[in-house]
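First comes the structure, then the notes that go with it.
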Number of protein chains: 2
Amino acid sequence: IMETINLNKAFSLGETIYAVNNVNIQIMAGSMNVIVGPSGSGKSTLLSLLGGLDRPMSGDILLQGQSYRELNEDQLALLRRHKLGYVFQFFNLIPHLTALENVMLPMQFTNTPNKIAKQRGLELLERVGLEKRSHHLPLQLSGGEQQRVAIARALANRPAIILADEPTGNLDTKTRDGIVALFQELNQQEGQTFVMVTHDPSLSKFADQVITMRDGVVVYQ
Amino acid sequence: IMETINLNKAFSLGETIYAVNNVNIQIMAGSMNVIVGPSGSGKSTLLSLLGGLDRPMSGDILLQGQSYRELNEDQLALLRRHKLGYVFQFFNLIPHLTALENVMLPMQFTNTPNKIAKQRGLELLERVGLEKRSHHLPLQLSGGEQQRVAIARALANRPAIILADEPTGNLDTKTRDGIVALFQELNQQEGQTFVMVTHDPSLSKFADQVITMRDGVVVYQ
Ligand SMILES: Nc1ncnc2c1ncn2[C@@H]1O[C@H](COP(=O)(O)OP(=O)(O)OP(=O)(O)O)[C@@H](O)[C@H]1O
Ligand SMILES: Nc1ncnc2c1ncn2[C@@H]1O[C@H](COP(=O)(O)OP(=O)(O)OP(=O)(O)O)[C@@H](O)[C@H]1O
Ligand SMILES: [Mg+2]
Ligand SMILES: [Mg+2]
């Protein structure tokens, strides 16, 4: 469903840092994929390229056959809103919107009727254990609660691919097991495709593919 | 070295949430203490009360015999800068300062000469594996790199107590083991007192005291 072709991204800060170095990977529809590697190895950078949130220096990404290079900024934004769900490493929740409003936001971008969006939003918050926190603002939530709102928001549109950066980093074992079970259920019962960056071995256990990065290079797939 | 007396903190958002509910704990000088519990159980709230970053509704905190209640805001700020090192759950790095400048900041508050502060800053960055990133701004660092800068900054003044909220949440196993080893070394060789909120079992393994929270209450100590 997705593939990268000779993907490159470097930062120049005096020295040049090759954050993503000639990466070629393939993501099968309906699969669970995990990206692992040391801190600073390029995982978040790779994920933001897959998500069309950042432009590569060279190389391309194809989603359902559509090349990212061929799209201008508006078209890329449209693709993101309809096809991708993103869980950021630091959540990026909208500070002045409640948990429920944050989860409903992607559905407003795809013109889902308000009543349906609200119902789905409440269902998703319940699935991540936050039904009692729907009216809280992000600043009125704990770290792990914010993380779960971000997860619920990514699931809202049932996107073609969910890209998740450390989705369980702030969760205790029990809450995290609930999230892992939820991801597995969505993958097995709804065919949801996942690409997850994680340091958490319990997520890699169920992966169809484990992609290992080191210093910007994919060393094992 | 530190104790809490009937500490209480609640939030009112329609319903009342008792985030810290009648908590009485003691921290021994030179000890390693870990606070565990489910997401939303009140750990970060408790830590911010211990750090004097938030005022309790009722109850008190004593640090080296000094009551927080007796201090006004300026005196409390002074106590924080000289006595406490804080690793925030989301780092709170200063965006327009480099990694090195962020680490040096606490030392400027205690009037450490610039030359000495810079040398200690570089040493600390090296100890967390970031000597090559000293000139990067927070936005030019990976999640785990930002977390390590926050750790280095907390250590800078050799404070009486280091309060750390999920200090290893964004780190891969190898990097995290390095941080755990560093904390152990500081605890055993320099008598550094730690109070750490964590979901990571490898940190609780070495703890002298494990404090378990559930729904704002300390259920086990
Ligand atoms: N400003 C606020 N207003 C209302 N409720 C709040 C506020 N801040 C925190 N809470 C609630 O207080 C409870 C405790 O929050 P806290 O951040 O201390 O949890 P935590 O144990 O650190 O969780 P985590 O492991 O997810 O980081 C949570 O249920 C949260 O929703
Ligand atoms: N804007 C930038 N300018 C310069 N260097 C950058 C920039 N953004 C990231 N880097 C560097 O690129 C490398 C890869 O960063 P990235 O965030 O992708 O790592 P990561 O694998 O997600 O790490 P972590 O597990 O710590 O989150 C890091 O070494 C980082 O210092
Ligand atoms: Mg990252
Ligand atoms: Mg917390």
Side-chain angles (χ1 to χ4, degrees), chain A residues 11-15 17 19 35-48 88-91 98 128-130 132-148 165-166 168-179 197-201 204 212-214 216, chain B residues 11-15 17 19 35-48 88-91 98 128-130 132-148 165-166 168-179 197-201 204 212-214 216:
Chain A
F11 301 104
S12 302
L13 266 200
E15 42 153 356
I17 298 167
I35 303 174
V36 298
S39 171
S41 54
K43 308 179 295 295
S44 295
T45 307
L46 174 58
L47 208 70
S48 66
F88 292 87
Q89 192 164 3
F90 302 110
F91 323 147
T98 65
V128 296
L130 291 179
K132 295 215 190 82
R133 295 281 183 270
S134 57
H135 54 292
H136 283 230
L137 295 171
L139 263 186
Q140 298 167 330
L141 293 170
S142 78
E145 290 170 345
Q146 292 177 37
Q147 188 153 44
R148 286 181 275 159
D165 201 344
E166 311 281 356
T168 59
N170 283 286
L171 302 176
D172 57 286
T173 312
K174 183 152 174 286
T175 311
R176 181 207 59 192
D177 288 347
I179 295 297
V197 167
T198 185
H199 297 305
D200 187 348
S204 347
T212 306
M213 290 189 75
R214 187 155 312 175
Chain B
F11 300 105
S12 304
L13 267 198
E15 43 150 359
I17 298 166
I35 303 174
V36 298
S39 172
S41 54
K43 307 180 295 296
S44 295
T45 306
L46 175 59
L47 208 70
S48 66
F88 292 87
Q89 191 165 2
F90 301 111
F91 321 149
T98 65
V128 297
L130 291 180
K132 292 215 194 82
R133 296 282 183 269
S134 57
H135 54 294
H136 284 229
L137 295 172
L139 262 185
Q140 297 165 332
L141 293 170
S142 77
E145 291 168 346
Q146 291 177 36
Q147 187 153 45
R148 286 181 276 159
D165 201 342
E166 310 280 357
T168 58
N170 283 284
L171 303 175
D172 57 284
T173 311
K174 185 152 174 285
T175 311
R176 181 207 58 191
D177 288 348
I179 295 297
V197 169
T198 185
H199 296 305
D200 187 349
S204 349
T212 305
M213 290 189 78
R214 184 153 315 168

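Letters A, B, ... mirror the listed sequences (proteins, then strands); counts begin at 1. For the numbers below, each heavy atom of this structure counts, side chains included, while hydrogens, waters and symmetry mates do not.
Only the side chain of A:T175 comes within less than 4.5 Å of a heavy atom in chain B; its backbone stays farther off. Heavy atoms closer than 4.5 Å to chain B are found in the side chain of A:F90, but not in its backbone. For chain B, the nearby parts of A:S39 are the backbone and the side chain; heavy atoms of each come within less than 4.5 Å. Heavy atoms closer than 4.5 Å to chain B are found nowhere in A:L130, neither backbone nor side chain. Heavy atoms of A:E15 lying under 4.5 Å from chain B belong exclusively to its side chain. Proximity to chain B involves both the backbone and the side chain of A:E145, based on heavy atoms less than 4.5 angstrom apart.
The side chain to side chain donor-acceptor pair (under 3.5 Å) search around B:D200 returns B:T168, B:R176, B:S202, not counting sequence neighbours.
Atom CD of residue A:Q89 and atom CD of residue B:Q146 lie 8.0 Å apart, to the nearest 0.5 angstrom.
Put simply, of A:Q147, A:R133, A:K43, A:K132, the one with the most heavy-atom pairs under 4.5 Å next to chain B is A:R133. Interface check for chain B: of the options A:D165, A:L171, A:T45, A:V36, the most heavy-atom pairs under 4.5 Å are formed by A:L171. Between chain B and the residues A:E166, A:K174, A:Q140, the largest count of heavy-atom pairs under 4.5 Å involves A:Q140.
Residues A:H136 and B:I17 meet the side-chain proximity criterion, which asks for heavy atoms closer than 4.5 Å.
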